[in-house]
Amino acid sequence: VGPALLHAYTIASSHATRDACRVFLALYCGRVHTRSLISTYLHHALNMSRQRLQTIPSEQDPYRVMLWHTQAPPVGHAGVPRANLSNIDEMGISLLKCRRTTGHAVVGTRAVAHQRSNPGVRFNLIAGVSSTGELFFTINDENTDAATFLAYLQNDVFPFIAGTSRHLMWDNLRVHLTLPITMACHAQGHVPLPCAPYNPDESPIEFFFGEVEKYLRLKNYELTEANFRAEVHAACVNVAATMDLDAVCRHCRLEMVGYS
């Protein structure tokens, strides 16, 4: 009966804050309810987006991960100086997603995403980071296709690493593997390199994305449709400025064979 009573209370009261709802449940429902009961109501009945996190076993293959760490390109990263690696990926980021409070999947599993059909304002963030603190990113309105990814490389990556020879590390998303993108990389003197398969814990960009989400969720209800793009941009810049990307790369075991 807790949610039903709380629903009636929020309709009748103009002071139905989170703390007020917690006190109301304690008084009228005893202390048998859990914190999740409150947050579930606040996120469902008050039209936020609280949903149970479901997980399934990951497809991580320890043998393939071992090969990635011990073999030279194009199979793995062995022998490549850490400073010559740039890890690139993309992430869909929506206003609704940044205002939910579900947790992360435990190690060894991955989350099964459940998203409403209308997530509100949504952008696609393409970003790349390196151990030297470099950040290359762009914010798009549409999902990433081959043309969008190629434009990102030509406009936001290649001009800033001109004159160097980089290993550009990304996953096996189809748009990353198209012939125009491979040719564009080689034409600029760079080498595409696969990430560890099904192993985001060893991809520095995933840690960067996690910090960006954390930054935005701390703002939570300050985010609006009008300021969301600017806040995503500010999150990327601030996270890159404060995050120790070299330590993240060491955590990801990017301690290259044959280099100190």
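Every value quoted in this text rests on a predicted model; they were computed, and no experiment measured them.
Considering N143, T144, N140 as possible partners of N124, the one that fulfils the side chain to side chain donor-acceptor pair (under 3.5 Å) test is T144.
Hydrophobic clustering, with ILVMFWY side chains joined whenever heavy atoms are under 4.5 angstrom apart, groups L125 together with V121. No single ILVMFWY cluster, assembled from side-chain heavy atoms under 4.5 Å apart, contains both F207 and F136. Both L245 and L135 sit in one connected hydrophobic cluster of ILVMFWY residues. Membership requires side-chain heavy atoms under 4.5 Å apart, directly or through other members. When hydrophobic clusters are built by joining Ile, Leu, Val, Met, Phe, Trp and Tyr residues whose side-chain heavy atoms come closer than 4.5 Å, directly or via intermediates, F209 is not grouped with Y152.
Look at D141 and R229 and you find a salt bridge, because one of the NZ, NE, NH1 or NH2 atoms lies within 4.0 Å of a carboxylate O, short of that distance.
Contact between W68 and P194 at its shortest, heavy atoms only, is NE1-O, 2.7 Å. Smallest separation of non-hydrogen atoms from G128 and I88: CA-CG1, 3.8 Å. When all heavy atoms of A146 and I181 are compared, the closest pair comes out as O-CD1, 4.0 Å. Taking each heavy atom of S165 and N84 in turn, the nearest pair found is O-ND2, 3.8 Å. Nearest heavy atoms, A127 versus F208: CB-CE2, 4.1 Å.
Residues D246 and T132 fail the side-chain proximity criterion, which asks for heavy atoms closer than 4.5 Å. Taking the side chain as every heavy atom from C-beta outward, D89 and S203 never approach each other to under 4.5 Å. Using a 4.5 Å cut-off on side-chain heavy atoms (C-beta onward), L168 and P192 make no contact. Side-chain contact between H167 and H190 is absent, with no heavy-atom pair separated by less than 4.5 Å. Using a 4.5 Å heavy-atom cutoff, the side chains of M66 and Q71 are not in contact.
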Please walk me through it: do T224 and L95 pass side-chain contact (heavy atoms from CB on, under 4.5 Å)?
-> CA-CA 8 Å; T224 66; L95 182 61; 5.9 Å; no

Apply side-chain contact (heavy atoms from CB on, under 4.5 Å) to E213 and V239, showing your working.
-> CA-CA 10 Å; E213 284 193 346; V239 168; over 6 Å; no

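The distance between the ring centers of H77 and H69 falls below 6.0 angstrom.
S130 OG to R166 CZ: the interatomic distance, rounded to the nearest 0.5 Å, is 5.5 Å.
Using cut-offs of 30° and 60° for the angle between ring planes, the F228 and F123 rings count as parallel. Note on ring orientation: taking the six-membered ring where Trp is involved, the planes of F149 and W170 are perpendicular (angle over 60°, cut-offs 30° and 60°).
A donor-acceptor contact shorter than 3.5 Å is absent between the side chain of T178 and the backbone of R174. Judged by distance alone, with hydrogens and angles left aside, the side-chain atoms of N238 form a donor-acceptor pair with the main-chain N or O of A234 at under 3.5 Å.
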